[in-house]
Amino acid sequence: LTPGLAVVLVGEDPASQIYVRNKGEQSKAAGMHSVTHRLPAETSEAELLALVKTLNADPAIHGILVQLPVPKHINDQTIIAALDPDKDVDGLHVINAGRLANGLPALTACTPLGSMILLKETLGDLTGKRAVVVGRSVLVGRPIAQLLLRADCTVTIAHSKTENLKAVCQEADILVAAVGRPGMIRGSWIKEGATVIDVGINRVPFSDPVAAAAGKTKVVGDVKFKEASRRAAFITPVPNGVGPMTIACLLQNTITAARRIAGLE
Ligand code: NDP
């Protein structure tokens, strides 16, 4: 059985192009059947739906990932709803989100899965720990919170309307930042000895004014790393923290999907 992964990219978003290239290369390197569909930005919703339908029916494909965001004229929810839930390796279909929420086996979003592997390998049993997740997106915040709950943590989900976010974060034994705001979480927000998972990926200008004027940029997380690492027991860097785990878990999900479809669970 050769697990097959199809990645679909619509348009030319530069970050998405890098993600899609990495996913294609790494799935091939792992020995998978790997297919990348690059469609022009003007692709219609009907054309994308037709491709999803073809991939749903293709027995050589076990995982389908439509890289988000898609261009504005395409409704991403319509596309996600059209995916065969058994091939939804991004864990975005409501069937998978519902199964996760109900504690049933589900294909689960890759970044949350990767974050949980880091937490469990670092801390072992998470039972009873106070976990705060900042961010409530369907792709990251919500599924991480569900996984932490499943691991018997006491979970708080914070978001843009949360009052006194600093005090909420200060209660966390495990703090997950999935916001998309560079350096928003300061060192003083971290409880001494906490474990910090920084999911944020933010491109910002270089601090050196000459480099910044030349248009040079760098990637930083949602957490002020230097400040936070003085108080945290463990903290993931950005880049090269959670990011590589995301692709590893995409490959893992593709294997899981292939085994389930083949009746090998
Ligand atoms: P979204 O924009 O979908 O969600 C951001 C969340 O942050 C929302 O729930 C929002 O609250 C909350 N938020 C925004 N501003 C504040 C604030 N001032 N205080 C508290 N909460 C706030 O982003 P994603 O979840 O998709 O991604 C989050 C980050 O993770 C991004 O930087 C993204 O690039 C990165 N990412 C990294 C991945 C990886 O592989 N490492 C994979 C996917 C994403 P509200 O709901 O109230 O608007």
Side-chain angles (χ1 to χ4, degrees), residues 7 9 13-27 65-70 72 75-77 79-80 88-92 96-97 100 107-119 131-148 155-172 175-186 188-190 196-204 217-225 228 235-254:
V7 179
L9 172 64
D13 177 69
S16 294
Q17 285 185 339
I18 296 170
Y19 296 146
V20 164
R21 194 182 61 221
N22 288 343
K23 287 166 185 172
E25 283 172 0
Q26 293 196 31
S27 52
L65 183 150
V66 179
Q67 184 68 44
L68 300 177
V70 286
K72 289 205 166 48
N75 183 330
D76 54 5
Q77 291 306 315
I79 303 302
I80 291 164
D88 167 37
V89 281
D90 236 358
L92 292 175
N96 283 313
L100 176 66
L107 285 170
T108 304
C110 304
T111 304
L113 268 188
S115 302
M116 287 305 288
I117 292 174
L118 292 175
L119 283 171
V132 173
V133 181
V134 189
R136 56 176 166 180
S137 71
V138 169
L139 183 63
V140 191
R142 282 169 205 248
I144 288 188
Q146 294 289 357
L147 290 170
L148 287 163
V155 184
T156 301
I157 306 177
H159 45 78
S160 66
K161 309 290 186 294
T162 298
E163 289 181 4
N164 203 353
L165 184 59
K166 177 179 175 181
V168 173
C169 291
Q170 282 171 334
E171 289 182 4
L175 179 63
V176 181
V179 185
R181 291 183 178 263
M184 186 188 89
I185 293 179
R186 310 296 306 250
S188 59
W189 297 26
I190 312 289
V196 180
I197 301 284
D198 189 354
V199 178
I201 298 179
N202 309 290
R203 194 160 278 284
V204 296
T217 59
K218 60 178 177 175
V219 171
V220 298
D222 291 339
V223 180
K224 283 261 187 212
F225 182 82
I235 179 166
T236 59
V238 177
N240 294 324
V242 173
M245 296 302 291
T246 299
I247 297 191
C249 289
L250 172 66
L251 304 187
Q252 178 181 295
N253 273 352
T254 306

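Whatever order the structure lists ligands and atoms in, that order sets their numbers, starting from 1. One-based numbering along the sequence shown. Values below: every heavy atom of this structure, side chains too, minus hydrogens, waters and symmetry copies.
- At a 4.0 Å heavy-atom cut-off, ligand 1 touches Val199 through backbone and side chain alike.
- Nearest non-hydrogen protein atom to atom 44 (C) of ligand 1 is Val140 CG2, 3.9 Å.
- The shortest contact between atom 42 (C) of ligand 1 and any protein heavy atom is with Thr111 OG1, 3.2 Å.
- The nearest protein atom to atom 15 (N) of ligand 1, hydrogens excluded, is given as Arg181 NE, 2.8 Å; this is a heavy-atom distance.
- Not one N or O on the side chain of Asp198 forms a donor-acceptor pair closer than 3.5 Å with the backbone of Pro237.
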| said: Is there a side chain to side chain contact (heavy atoms under 4.5 Å, CB included) between Ile235 and Phe225? Walk through the geometry before answering. | reply: CA-CA 8 Å; Ile235 179 166; Phe225 182 82; 3.7 Å; yes
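- The heavy atom nearest to atom 46 (O) of ligand 1, out of those in Arg136, Lys161, Arg142, is found in Arg136.
- Within the structure, the closest approach of Ala178 to ligand 1 falls below 4.0 Å when heavy atoms are considered.
- No side-chain heavy atom of Val140 sits less than 4.5 Å from a side-chain heavy atom of Val133.
- In this structure, CE on Met245 lies 8.5 Å from CD on Gln252, to the nearest 0.5 angstrom.
- Thr246 OG1, 2.8 Å is the protein heavy atom nearest to atom 40 (O) of ligand 1.
- Here is the list of ligand 1 atoms found below 4.0 Å of a heavy atom in Gly135: 6 (C), 7 (O), 9 (O).
- Counting heavy atoms closer than 4.0 Å to ligand 1, residue Met184 contributes side-chain atoms (C-beta onward) but none from N, CA, C or O.
- Side-chain atoms of Val238 and Val220, non-hydrogen and from C-beta on, never get closer than 4.5 Å to each other.
- Close approach to Leu165 involves these atoms of ligand 1, each under 4.0 Å from a residue heavy atom: 19 (N), 20 (C).
- Taking atom 31 (C) of ligand 1 as the reference point, the nearest protein heavy-atom neighbour is Gly180 CA, 3.6 Å.
- By the criterion of a heavy-atom distance under 4.0 Å, the side chain of Asn202, and not its backbone, is placed next to ligand 1.
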| Test side chain to side chain contact (heavy atoms under 4.5 Å, CB included) applied to Thr108 and Leu147, step by step | CA-CA 9 Å; Thr108 304; Leu147 290 170; 3.9 Å; yes
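- At a threshold of 4.5 Å between non-hydrogen side-chain atoms, the residues Thr254 and Ser27 do not count as touching.
- For ligand 1, the polar-atom distance check against Asp222 finds no nitrogen or oxygen pair separated by under 3.5 Å.
- Taking atom 11 (O) of ligand 1 as the reference point, the nearest protein heavy-atom neighbour is Ser160 N, 3.3 Å.
- The shortest N/O to N/O separation between Ser137 and ligand 1 falls below 3.5 Å.
- With values rounded to the nearest 0.5 angstrom, Leu119 atom CG is found 4.0 Å from Ile197 atom CD1.
- For the side-chain contact (heavy atoms from CB on, under 4.5 Å) with Asn253, the qualifying choice from Asp88, Leu113, Leu65, Asp90 is Leu113, the only one to do so.
- In this comparison of Val179, Thr162, Val168, the heavy atom closest to atom 14 (C) of ligand 1 sits on Val179.
- Although no hydrogens or angles enter the test, the distance criterion places no donor-acceptor pair under 3.5 Å between the side chain of Arg136 and the main chain of Gly141.
- With respect to atom 33 (C) of ligand 1, the closest heavy atom belonging to the protein is Ile201 N, 4.1 Å.
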